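Notes to accompany the following structure.
As the structure is a computational prediction, the values presented were derived from the model and not from experiment.
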Amino acid sequence: MPNTIALAKNYINNLDEVYRLASVTSDLTSDPTMSKAGANANEIVYPQISVSGLGDYDRNSGYTTGAVDLKWKTATFNYDRGTRISVDVMDNEESRNLAFGMAGATLMREKAAPEADAFAFATLAALDGISKATGTIADASQFLDALLTAWSKMDEDEVPQEQRILYATATLLNSVMALDTTKSREILGKFAVKKAVPQARFYTAIEMLDGKSSGEELGHYKKATSAADINFMIIHKPAVIKFDKHIASNIIPAEANPDADADIIKYRKYGLVEAYANKRAGIYLNSKA
């Protein structure tokens, strides 16, 4: 498909910075020291520990004997996406040298970041064992009530209150902020981080377009037929495994391109989004029916 070049006012060449600012799930990125390479190259393993409880103390025989069960769980990488964009050197020159820089920045901001966010939310929403609620939230008052219900559910499930992150549609989050009441400030103040998520990234399931098949040539993703819109999610960060094993963001100049007189941007991301099997209560999903 031929490139469409348009003039712009600004030139942006810091691709990694553009991606970081555009993504809303960067807060969920895991500590890489909590996992290690698995038996296969496409796997990581992470520790899961449990211990036995207290028993009756006997003044003659002393303590009961407890046990520690440490298991290494295996998770397979589930995200491997990429693209290659070429910009003809004359197209770039005739656009005042903006086309190439803008292509990379636009890729990160409008394609890579939204897809990574949508994949993370849809993957976590589909997990077994998470807490769920469904229904339409009509106004800020109902949203506050739903947040309190979710917060109480996580409290009852003994999820630590620290590091709970609230992701909500911009419409809902802004409606509560507009109230500016003591109640709204107290409820929102409970969360370590509050992030507004565009609805276009906030579905219970998505379909990844392969960039090759008929009708999927442009790649990216779309809402799955069976998916529901997400109202909000509360995620306890330690419950999530979000790990990027490999990110390639390469630029190949035209003089090194054997196939065309064009500069090339290559981008690939290979990683994992998952949740610890014994911490699923740390994810609360509220979606439309």
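- Salt-bridge check for Asp80 with Lys269: failed, with every basic side-chain N at 4.0 Å or more from each acidic carboxylate O.
- Thr25 places no side-chain N or O within 3.5 Å of a backbone atom of Leu28 that could act as its donor or acceptor partner.
- Atom CG in Leu218 sits 7.0 Å away from atom NZ in Lys111 (nearest 0.5 Å).
- Within the structure, the salt bridge (charged side-chain N to carboxylate O under 4.0 Å, His left out) test picks out no pair touching residues 124-137 (sequence neighbours left out).
- Ile44 is listed as a side-chain neighbour of Leu272, based on a closest heavy-atom distance under 4.5 Å.
- Checked against Phe191 for a ring-ring contact (aromatic ring centres under 6.0 Å, His included), the options Phe232, Tyr284, Trp151, Tyr167 give a single hit: Trp151.
- Counting non-hydrogen atoms of neighbouring residues, nucleotides and ligands closer than 6.0 angstrom, the NZ atom of Lys266 reaches no more than 12 such neighbours.
- Centroid-to-centroid, the aromatic rings of Tyr221 and Phe119 stay 6.0 Å apart or farther.
- Both tests hold for Arg268 against Tyr270: distance to the six-membered ring centre under 6.0 Å, angle to the ring axis within 45°.
- Tested against Asp27 for a salt bridge (Lys or Arg N to Asp or Glu O under 4.0 Å), the candidates Lys195, Lys242, Arg164 yield a single pass: Lys195.
- Of the N and O atoms on the side chains of Ser23 and Ser26, not one donor lies less than 3.5 Å from an acceptor on the other residue.
- Using a 3.5 Å distance cut-off with no hydrogens or angles, the side chains of Ser213 and Asp210 do pair a donor with an acceptor.
- There is no side-chain donor-acceptor pair under 3.5 Å between Asn78 and Glu274.
- No salt bridge links Lys153 with Asp155; every basic N to acidic carboxylate O contact stays at or beyond 4.0 Å.
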